[in-house]
Amino acid sequence: MTAIAFIGLGNMGGPMATNLVKAGHKVTVFDLSAEALAQLEQAGAQVAATAADAVAGADIVMSMLPADKHVLGLYFGYEGDTDAGVAAHIKKGALVVDSSTISAETARDIAQRLKQQDIRFVDAPVSGGVAGAAAGTLTFICGGEAADIEEARPLLECMGKAVFTAGDHGAGQVAKICNNMLLAVLMSGTAEALKLGRDHGLDPKVLSEIMLQSSGRNWTLEVYNPCPDVMPGVPASNDYNGGFLVDLMLKDLGLALATAEQSGSATPMGKAAQDLYQAHSEQGFGSKDFSSIYKWFEQGNN
Ligand code: NAD
């Protein structure tokens, strides 16, 4: 049986690792949070005392961490730290699959450094949110060698419904940040439209229904309405708790705009969304779900 190590059991990694266990895989997990570890232990995973212990002997190592510095820190050691990172403990020939959203440059750098140790790498960021992670319906957007992606596929299919190959190392990350830049624009635009309608006496439930059946239809209206009490079970109806944090969306917008700068691509909509999310974060919403951008409009920021 394939031995799997899974590092990073947060909002996304927790349910993803749980789905691997549910599918009957032997999964050894590690996170800095004792609470996250306890939940996975209850779900049936083996808990390791350190990240190095978790990866030792694993055939496939998966990671789901916040940003570039955490992923680089995990594999090669944090800056100023004497610990060299877990890459030194991964067996030769093993496959590392990182699902964190990080820069394409960092993904390519990791692939190259691991290759020097005969370790294979696939960048496999995901789309689908916390609900998709829990339901096992994520979309994996992969970059790397086709054979490595095929090897990871059965595992990814325990956590998701679609596995795409975007291209070589880093291509998964480019596709992912294109998607998230568009998502930020759609979420901000949907919140703006709903608030405008509300200011003119419309019921946001009725307006949402109208736009869903009209040309403004989009994913946020379908499954992630930003206006409180329009849709049950979404962060907007739970004081914007859980979900995908404003500061993580800001990170992704930063990655998108830096990528656009490299290619000289025009991204005025992405820049507008970044400015909006930056202002929203500075107003204390950094740790709320990204649909809370609706509050920015509600608070009369004009
Ligand atoms: P999160 O902050 O909820 O979880 C991150 C986890 O990593 C935490 O449990 C933290 O303790 C752990 N961690 C950090 N450094 C570690 C280390 N060195 N060793 C072990 N554990 C460590 O974040 P999340 O929402 O799960 O997001 C993870 C990644 O997925 C991010 O890159 C994010 O952009 C991306 N993403 C998130 C969503 C979403 O809806 N939340 C959707 C798609 C993609």
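Just follow the structure's listing: the first ligand is 1, and inside any ligand the first atom is 1.
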Asp59 versus Thr2, side-chain donor and acceptor atoms under 3.5 Å: no
Less than 3.5 Å apart, N/O on ligand 1 and N/O on the protein: could you list those pairs with the distances?
{"from": "ligand 1", "atom 1": "3 (O)", "to": "Asn11", "atom 2": "N", "distance (Å)": "2.9"}
{"from": "ligand 1", "atom 1": "3 (O)", "to": "Asn11", "atom 2": "ND2", "distance (Å)": "3.4"}
{"from": "ligand 1", "atom 1": "9 (O)", "to": "Asp31", "atom 2": "OD1", "distance (Å)": "3.2"}
{"from": "ligand 1", "atom 1": "9 (O)", "to": "Asp31", "atom 2": "OD2", "distance (Å)": "2.8"}
{"from": "ligand 1", "atom 1": "11 (O)", "to": "Asp31", "atom 2": "OD1", "distance (Å)": "2.6"}
{"from": "ligand 1", "atom 1": "18 (N)", "to": "Tyr78", "atom 2": "OH", "distance (Å)": "2.9"}
{"from": "ligand 1", "atom 1": "26 (O)", "to": "Asn11", "atom 2": "N", "distance (Å)": "3.3"}
{"from": "ligand 1", "atom 1": "26 (O)", "to": "Met12", "atom 2": "N", "distance (Å)": "2.9"}
{"from": "ligand 1", "atom 1": "32 (O)", "to": "Leu65", "atom 2": "O", "distance (Å)": "3.1"}
{"from": "ligand 1", "atom 1": "32 (O)", "to": "Pro66", "atom 2": "O", "distance (Å)": "2.7"}
{"from": "ligand 1", "atom 1": "32 (O)", "to": "Thr101", "atom 2": "N", "distance (Å)": "2.9"}
{"from": "ligand 1", "atom 1": "32 (O)", "to": "Lys251", "atom 2": "NZ", "distance (Å)": "3.0"}
{"from": "ligand 1", "atom 1": "34 (O)", "to": "Lys251", "atom 2": "NZ", "distance (Å)": "2.9"}
{"from": "ligand 1", "atom 1": "41 (N)", "to": "Gly243", "atom 2": "O", "distance (Å)": "3.3"}

Hydrogens and angles aside, do Glu282 and Gln278 bring a side-chain donor and acceptor to less than 3.5 Å of each other? yes
Contacts satisfying salt bridge (Lys or Arg N to Asp or Glu O under 4.0 Å) that involve residues 118-128 (not counting sequence neighbours) are Arg120-Asp148, Arg120-Glu151
Without hydrogens or angle criteria, can the side chains of Asn180 and Thr101 be said to hold a donor-acceptor pair below 3.5 Å? no
Between Asp98 and Tyr75, is there a side-chain donor-acceptor contact under 3.5 Å, judged purely by atom types and distance? no
I would like to know whether Glu222 and Arg217 meet salt bridge (Lys or Arg N to Asp or Glu O under 4.0 Å); could you show each step before the answer? CA-CA 7 Å; Glu222 281 168 0; Arg217 182 187 189 115; 2.8 Å; yes
